[in-house]
Amino acid sequence: MPNYTGDAALAQTEFSVDRALSHVKNISKEPHGVGFAGHKRAMSYVIGALNKMGLQTTTQEGYTAGDWGNLSKATNIIAKIKGTSSGKALVLMSHYDSSPHSSYGASDAGSGVATILESVRAFLAKDQQPKNDIIILISDAEELGLNGADLFVKQHPWAKDVGLVLNFEARGSGGPSYMLIETNRGNGKLIEEFTKAVPQYPVANSLAYSIYKMLPNDTDLTVFREDGDIEGFNFAFIDDHYDYHTALDTYERLDRNSLAHQGSYLMPLLMHFGNTDLTNLKSLNDYVYFSIPLFKLVSYPFEWIWPMFALAVIAFVALLVLGFKKGVLDAKSIAKGFLPMLIVLLVNGTFGYLSWTALKWWYPWYQDMLHGFTYNGHTYIFAFAMFALAVCFFVYNRFKKTTTPNLLIAPTLIWLVICGLVAHYLGGASFFIIPVFGVLAALLVTINQKNPSPFLLLFLGLPAIFICAPLIKMFPVGLGLKMMVAATIFTSLLYFLLLPLFGLSKHKLRFAVLSLFLYIVFSIGAHLNSDYSEERPKPSSLLYVYNADNDSAQWATYDNVLVEWNSQYLSGGKKPEAKTESNKTISSKYSTGFTFVADAPKKQLNHPDVSITRDTTINEVRAISLCIAPERNINRLEVFSNDVVIKKASVNGIALSDSFLKNRRYGKLITHYVTDNHYTEIELEIDKNEKLELTLYEASNDLLSNSQFSVPERPGNSIPMPFVLNDAILITKTIQFE
């Protein structure tokens, strides 16, 4: 990664982190989710910044519901740098809305917007007209369901001219920016052109997109790929995951090196793809690729996967024959070599698998960090890796009478099995064969030499270190500490690849003790930083839920461990016997439900006005239309139905997709993120014999500011819980159609 130093004095034709930071600071002054006051101010700032560069800036506004059933009015910000040819256009994209309702959006995705604004400014300062049109698309409502991108791809006339998209994102506030390809076909041409652009700090591998697809969210680029068949690159940093979508996503916490890394991608790619034929990027061929020091991005065709695997198997068999012929290998010792390998994998795999469950039991407030990465998460990763290493050293020390070549056969075989499986099921991970060639070379050395050079064995182990070591951190950072098992298993697998080097040492027990000592030290360090404070605030939640059907009110929370701030409303933190029906219906990213409820005083709240404008039956189909108008300032309306088959549905004139209607979770019909207190008009078609029941959840995020309530501000050691409806006044109401 680049190392940030103050660079405000850089030439105007260069990307300056300091100049980009000024954009981040202005965009992230306040939360600016769709429908919130800060949203329009953020939009005005971005438009002003583009106009200041002399670009003609327009907006595209309209309703869209995307594929998630999340309706919102998106306002995209669009500008164009005109090219000299009539070929396909290059799109530079990020989104300016923050996650509702408390995130300041400095990293996600103020950093992406700032990267584009500063790169475009530097590009224009070069005074070189590109060959291709360059479209700057600062999209809206990404956080609600990729709505702005959906609006652009389906309705903007420029969408048909797009040949490639560069999208800048963040899923945390720091760490390296990973390059992730999105394509419907092969990635061959994209990798070739990316390599030609020569970005200085590429961090990428062909496994990363598979990991990205495991994450519970997509990006705007996904819409371009799925709905427009348009290729693209995502660039996103994912570390410091605890800041993601929270009130901690601020200008101060954004890692400057991560912002510099984003700029180091965009500047060369902008110059390259601004002048490259973008009509010739589709390919039927896939490439395996990975980044490594000195060589930057290494790639080779998928066609090489099985030949390379076959070569490794042949080499392994040849080495077995050679070892037996020379009397270095014997069957009994090889069989013994399987025992330490299996013990290591069993112990470390079990320890890693149970670790997150154990941590949540020991520190129950960890359950309230819904993304599963704690403030001391990096310390846990290091500690558990040290534990896994201690197990490796200790177990293999017990087998020190078995020679290294005999011990090495079992780990080499398990690595060949892994490579064979990924070659068949997950071709993008087939670069694992590279370090296997290193260990095969080391096996050859140990068969032929009793005292091989440790420097030679270290050299042969470098591919393993450079390729496998980053994965120890990447999995739990990207997918949460529930994936700590990946860290302990990859630590074990890396040890196996370095076994020729470690086999030379007569001090494995000392290394085991040292590793165990480091595990204890870092575990203590994690424990000392496990509580919450102003530097490590605990997520908390509180809602006021009024049921208009039975005229009752409750306080509710999603917290497993209450803080003093919300426990005063929830019977001193005692868990009630019953939960509200809302527990099964209110949308949340991780299907999080209420954990505590308590009776609350009834307040005079204006209920939503529901007008049924149509209810007719034609040819066995019942058509119903209704309009739901808020009678107070709201941010969100959710509508759920009972278990009926809905043939067709549209909201504010936007048809909901058939795939969404067939796969509705918990009966969700629509979530409308409301702008300017707009109404929600719903049209439905059902079978005439169905009895329809709709449940409305009308929410405003003003619990702490509403004059009817006296809920105090949170203390400094707590922040609003992300990913759930929070700090809200919620009215529920049921409508029945007989």
Side-chain angles (χ1 to χ4, degrees), residues 34-35 60-76 97 139-160 217-218 220 222-230 585 587 608 610-630 636-676 678-688 690 692-698 735 737:
V34 173
Q60 177 198 19
E61 183 177 281
Y63 275 104
T64 176
D67 294 328
W68 302 354
N70 291 349
L71 180 78
S72 73
K73 180 185 284 187
T75 305
N76 293 328
D97 64 306
S139 68
D140 190 15
E142 189 271 352
E143 300 291 3
L144 308 184
L146 319 177
N147 293 24
D150 184 74
L151 184 68
F152 181 87
V153 171
K154 293 179 179 177
Q155 298 186 30
H156 201 283
W158 289 355
K160 68 180 185 301
N217 57 327
D218 294 316
D220 280 338
T222 308
V223 178
F224 280 78
R225 175 179 59 83
E226 292 181 346
D227 297 338
D229 192 22
I230 298 168
T585 50
S587 296
V610 181
S611 302
I612 300 173
T613 57
R614 184 188 184 199
D615 189 351
T616 60
T617 301
I618 303 175
N619 296 328
E620 307 297 315
V621 175
R622 185 178 181 184
I624 298 173
S625 299
L626 65 153
C627 182
I628 306 166
R636 171 169 145 180
L637 174 71
E638 291 197 90
V639 182
F640 293 81
S641 76
N642 58 332
D643 187 18
V644 299
V645 176
I646 297 179
K647 299 176 179 293
K648 290 183 180 180
S650 66
V651 184
N652 287 23
I654 305 299
L656 303 183
S657 67
D658 291 338
S659 61
F660 170 76
L661 293 176
K662 290 178 182 178
N663 299 287
R664 294 185 299 132
R665 296 183 64 188
Y666 309 117
K668 173 185 168 179
L669 180 61
I670 192 70
T671 300
H672 181 190
Y673 290 90
V674 179
T675 300
D676 297 329
H678 208 264
Y679 61 83
T680 306
E681 193 170 48
I682 301 174
E683 296 181 355
L684 303 172
E685 289 187 6
I686 60 175
D687 186 275
K688 73 170 187 177
E690 295 275 20
L692 178 66
E693 180 179 286
L694 298 179
T695 304
L696 313 183
Y697 295 83
E698 184 193 68
I735 307 168
F737 297 83

Going from [atom1] on [X] to [atom2] on [Y], what distance comes out if it is rounded to the nearest 0.5 angstrom?
X    : Y    : atom1 : atom2 : result
D218 : E142 : CG    : CD    : 9.5 Å
D687 : T617 : CG    : OG1   : 9.5 Å
F660 : I670 : CZ    : CD1   : 6.0 Å
S641 : I735 : OG    : CD1   : 12.0 Å
Y673 : N147 : OH    : CG    : 9.5 Å
C627 : E681 : SG    : CD    : 5.5 Å

Test your reading of the model: is there a side-chain donor-acceptor pair from D150 to the backbone of L146, 3.5 Å cut-off?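 Such a contact is absent between D150 side chain and L146 backbone.
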Measure from the side-chain N and O atoms of D140 to the backbone N and O of G148, and report whether any donor-acceptor pair falls under 3.5 Å.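 Between the backbone of G148 and the side chain of D140 there is no qualifying donor-acceptor contact (under 3.5 Å).
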Could you tell me which non-hydrogen atom of [X] sits nearest to which non-hydrogen atom of [Y], and how far apart they are?
X    : Y    : value
Y679 : P630 : CA-CD, 4.2 Å
I686 : V645 : CG2-O, 3.8 Å
L656 : A65  : CD2-CB, 3.9 Å
L144 : S72  : CD1-CB, 3.7 Å
V34  : D97  : CG2-CB, 4.2 Å
L661 : I646 : CD1-O, 4.0 Å

Verdict with supporting geometry, W158 and Q60, side chain to side chain contact (heavy atoms under 4.5 Å, CB included): CA-CA 11 Å; W158 289 355; Q60 177 198 19; over 6 Å; no
F640/Y697 aromatic ring centres below 6.0 Å: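 Centroid distance F640-Y697: below 6.0 Å, so yes.
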Any luck finding a side-chain donor-acceptor pair between T613 and S611 under 3.5 Å?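 Short answer, no.
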E693 and N642: side-chain donor and acceptor closer than 3.5 Å?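 Absent: no donor and acceptor within the cut-off.
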Would T675 and T75 count as a side chain to side chain contact (heavy atoms under 4.5 Å, CB included) here? Give the steps. CA-CA 11 Å; T675 300; T75 305; over 6 Å; no
Please name the residue in the list L71, N652, I628, I624 that meets the side chain to side chain contact (heavy atoms under 4.5 Å, CB included) test with I682.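 Checked L71, N652, I628, I624 against I682; only one passes side chain to side chain contact (heavy atoms under 4.5 Å, CB included): I628.
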F737 and I612, any side-chain heavy atoms less than 4.5 Å apart: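 Yes, side chains in contact.
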Would you call L696 and V610 a side-chain contact if the rule is heavy atoms closer than 4.5 Å?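 With C-beta onward as the side chain, the pair touches.
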Can you sort out the partners of D615 under side-chain hydrogen bond (donor to acceptor under 3.5 Å, both in side chains), two or more places apart, ordered by chain and number?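 side-chain hydrogen bond (donor to acceptor under 3.5 Å, both in side chains) check on D615 returns R622.
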Suppose we screen for side-chain hydrogen bond (donor to acceptor under 3.5 Å, both in side chains). Which residues come up paired with N70, at least two apart in sequence or across chains?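 N70: side-chain hydrogen bond (donor to acceptor under 3.5 Å, both in side chains) contacts with K668.
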Take L669 and L684, measure what side chain to side chain contact (heavy atoms under 4.5 Å, CB included) needs, and give me the verdict at the end. CA-CA 10 Å; L669 180 61; L684 303 172; 3.8 Å; yes
Closer than 4.0 angstrom, basic N to acidic O: yes or no for D658 and K662?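 No salt bridge links D658 with K662.
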More than 12 heavy atoms of other residues, nucleotides or ligands under 6.0 Å from NZ of K648: yes or no?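 For K648, atom NZ is not crowded (no more than 12 foreign heavy atoms under 6.0 Å).
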